[in-house]
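Structure first, commentary second.
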Amino acid sequence: MNISTTQRGRAAAAVSLAAVLALTATACGDDGSSSSGDEGSGKGKIVFWDNNGGVRTDIWKEIIADFEKKYPEIDVQYVGVAAPEAQSKYDNAIQGGGLPDVGGVGAAMLAGIAAQNALEPLEDRAAKSSLDGKLNKSMVESVKAAGGSDEHMYNVPISANNGVLYYRTDLFKKANLAEPTTWDTFYAAADKLTAAKKNEFGYTIRGGAGSIAQAMDAMYGQSGITSFWDPSGEKTTLNDPKNVQALEKYVGLFKKVTPSADLNNDFIKMVAQWDSGTIGMLNHNLGSYQDHVKALSTDKFRGIPQPTGPGGKRVQVSNPVDGLGLFKSSKNKEAAWKFIEFAASHEANSKFNETAGLIPANTEAAQDAWMSKAEPTKLAAQALTDGSTSIVQLPYYLPDWNTISKADNEPEFQKVLLGKTTAKAFLDKMADELNKAQAEWKDQNKS
């Protein structure tokens, strides 16, 4: 989870261009962030947007109830925003007004929002609060880099996620299969566990929303490439021949050892399908752990770090750190900050992450007993800190990253699954878009 100085430089370049675009938009109308807001009385109503509404609604409402018990003079209005809609909802509110006081802002969207001058820097508030020295340093560095600044922290980290390979221990035992700790054993197990006529499959692949990040995890994990950019910082490694070969092998799983319905599966459908069926393996993240526990109980599955590749090396793409941002337009920043400070405190942060199955940002919460009992979370935390895993840092700092890696190219990935285009053509297209964007940002930064 370490962020390099070079990456921070690129982040700054990205923010420079985005800021120019934001200023242009402001000249055409109210961008929703022009107000500097007000500290307010520290009492009254604040509005909180949950950027993973539905999935995290219950736990956030529980934390809000705890907060309002401690601060009865503050009323928190909860607004759940579905994760796929969060980016556009924030962008629309920045342009047209109506931003919340506090909102969940993941690293993947942080640069674009911060560049539009919508978020309050929080490093000074954190340093003067009970959170001083209590936030995971790597997560703090991660959100600073994602926001495009060595100095400013535009959100307070709440949790970190990580890619996980979930597998059905009962099915593996029945088939006398070894644990899928390497990519070779993964592919062998996927094949052996498949009996399509019996509706039994070795794996479920993500073909709908969010498919590209999962595919990149499989690509870099197999190729062993550890950087998203080549040494020049100008060309992405996305379409390196080793990655092309890895993607070809990965998409070859579709309909051979996976259900055909996987073509349109987002994570909700994919997780539900795995929990209710006889599918051997699932790649997702820590966020679905509790769903599996409820559906299967812990004696029927395990969640382990991603398989190792060449030479026993594990390579994963980064999972964004999630956190809470304070919006500049807030008229009650004092009360909004109290909520953020409370949510990141030991007890609340522990409660949130235990329920969500994620890695706590509060260092005291990370020492709580539940971490040892939630095996996938424990193993993921170890993998990120014990030196066994190399992380390919995805360029979340690029304001257009979400557009390029999701909306623009997810339909293209479905064409690869269907055999309507090749893995090489798909990766070349996406790489070309990223390389051009990188060149433009470098030019803008020089200016």
Side-chain angles (χ1 to χ4, degrees), residues 1-25 87 91 106-116 141-150 152 154 210-217 219-220 223-244 246-247 315-321 390-413 423-447:
M1 295 180 69
N2 293 328
I3 309 297
S4 71
T5 303
T6 302
Q7 288 168 320
R8 291 195 186 102
R10 294 178 191 138
V15 170
S16 297
L17 177 59
V20 171
L21 296 175
L23 289 171
T24 303
Q87 177 84 58
D91 288 342
M109 65 178 81
L110 188 58
I113 297 175
Q116 296 177 77
E141 287 296 302
S142 181
V143 299
K144 282 185 176 181
S149 174
D150 285 324
H152 295 309
Y154 289 108
S211 59
I212 292 177
Q214 182 173 305
M216 286 193 293
D217 227 0
M219 287 161 44
Y220 283 95
S223 71
I225 297 169
T226 58
S227 175
F228 191 78
W229 301 100
D230 71 6
S232 72
E234 297 178 355
K235 302 291 183 183
T236 178
T237 59
L238 191 68
N239 60 337
D240 183 282
K242 291 182 180 178
N243 276 336
V244 173
L247 184 60
V315 178
Q316 295 180 207
V317 299
S318 55
N319 280 267
V321 174
S390 295
I391 302 295
V392 178
Q393 293 291 346
L394 300 180
Y396 302 124
Y397 54 81
L398 303 178
D400 285 341
W401 167 249
N402 274 353
T403 302
I404 293 172
S405 66
K406 293 182 180 180
D408 283 357
N409 285 296
E410 284 176 348
E412 296 299 313
F413 180 71
K424 185 178 187 303
F426 164 72
L427 292 176
D428 282 345
K429 173 184 179 295
M430 192 168 167
D432 184 59
E433 293 169 2
L434 288 163
N435 292 340
K436 287 178 179 176
Q438 185 78 336
E440 290 171 2
W441 285 314
K442 286 199 168 197
D443 287 344
Q444 180 64 36
N445 194 46
K446 290 177 183 177
S447 301

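Note that the structure is predicted; figures quoted are calculated from it, not measured.
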**Q.** Minimum heavy-atom distance D217-Q316, with the two atoms named
**A.** OD1-CA, 3.4 Å
Q.
Any donor-acceptor pair under 3.5 Å linking the side-chain atoms of Y220 with those of T226?
A. no
(Q) Between N435 (side chain only) and A431 (backbone N and O only), is there a donor and an acceptor less than 3.5 Å apart? (A) yes
Q: Answer whether the closest heavy-atom distance between the side chains of K406 and I212 falls below 4.5 Å.
A: no
Q | Flag for T403-D408: side-chain donor and acceptor within less than 3.5 Å | A | no
Q | Sequence-distant partners of Q87, side chain to side chain contact (heavy atoms under 4.5 Å, CB included), two or more places apart | A | D91, M109, N402
Q. Does any pair with a residue in residues 427-437 pass salt bridge (charged side-chain N to carboxylate O under 4.0 Å, His left out), and if so which ones, sequence neighbours excluded?
A. K424-D428, K429-E433, D432-K436
Q. Which pair of non-hydrogen atoms, one from A114 and one from G147, has the smallest distance, and what is that distance?
A. CB-O, 4.2 Å
Q: Check whether any side-chain heavy atom of M216 sits under 4.5 Å from a side-chain heavy atom of L394, and report yes or no.
A: yes
Q.
Could you tell me if the side chain of F228 sits less than 4.5 Å from the side chain of L434, heavy atoms only?
A. yes
Q | ring-ring contact (aromatic ring centres under 6.0 Å, His included) partners of F426, counting only residues at least two apart | A | F413
Q. If you round to the nearest 0.5 Å, how far is OG of S390 from CD1 of I225?
A. 12.5 Å
Q.
Side chains of L427 and L247, heavy atoms from C-beta outward: is any pair under 4.5 Å?
A. yes
Q. Minimum heavy-atom separation for K235 to S232, with atom names?
A. N-OG, 4.0 Å
Q | Gap separating the CD1 atom of I391 from the OG atom of S227, nearest 0.5 angstrom | A | 13.0 Å
Q: Taking the side chain as every heavy atom from C-beta outward, state whether M430 and I404 have any pair of such atoms under 4.5 Å apart.
A: yes
Q. What heavy-atom pair brings E410 and G210 nearest, and what distance separates the two atoms?
A. OE2-N, 2.7 Å
Q.
Side chains of V315 and V392, heavy atoms from C-beta outward: is any pair under 4.5 Å?
A. yes
(Q) Contact between T237 and W229 at the side-chain level, heavy atoms closer than 4.5 Å - yes or no? (A) no
Q) Can you tell me how far the OG atom of S142 sits from the OH atom of Y396, to the nearest 0.5 Å? A) 8.0 Å
Q) For the residue pair V317 and A213, what are the closest heavy atoms and their distance? A) CG2-O, 4.0 Å
Q) A246 and M219: which non-hydrogen atoms are nearest, and at how many Å? A) CB-O, 3.6 Å
Q) Under 4.5 Å between any side-chain heavy atoms of L110 and V143, yes or no? A) yes
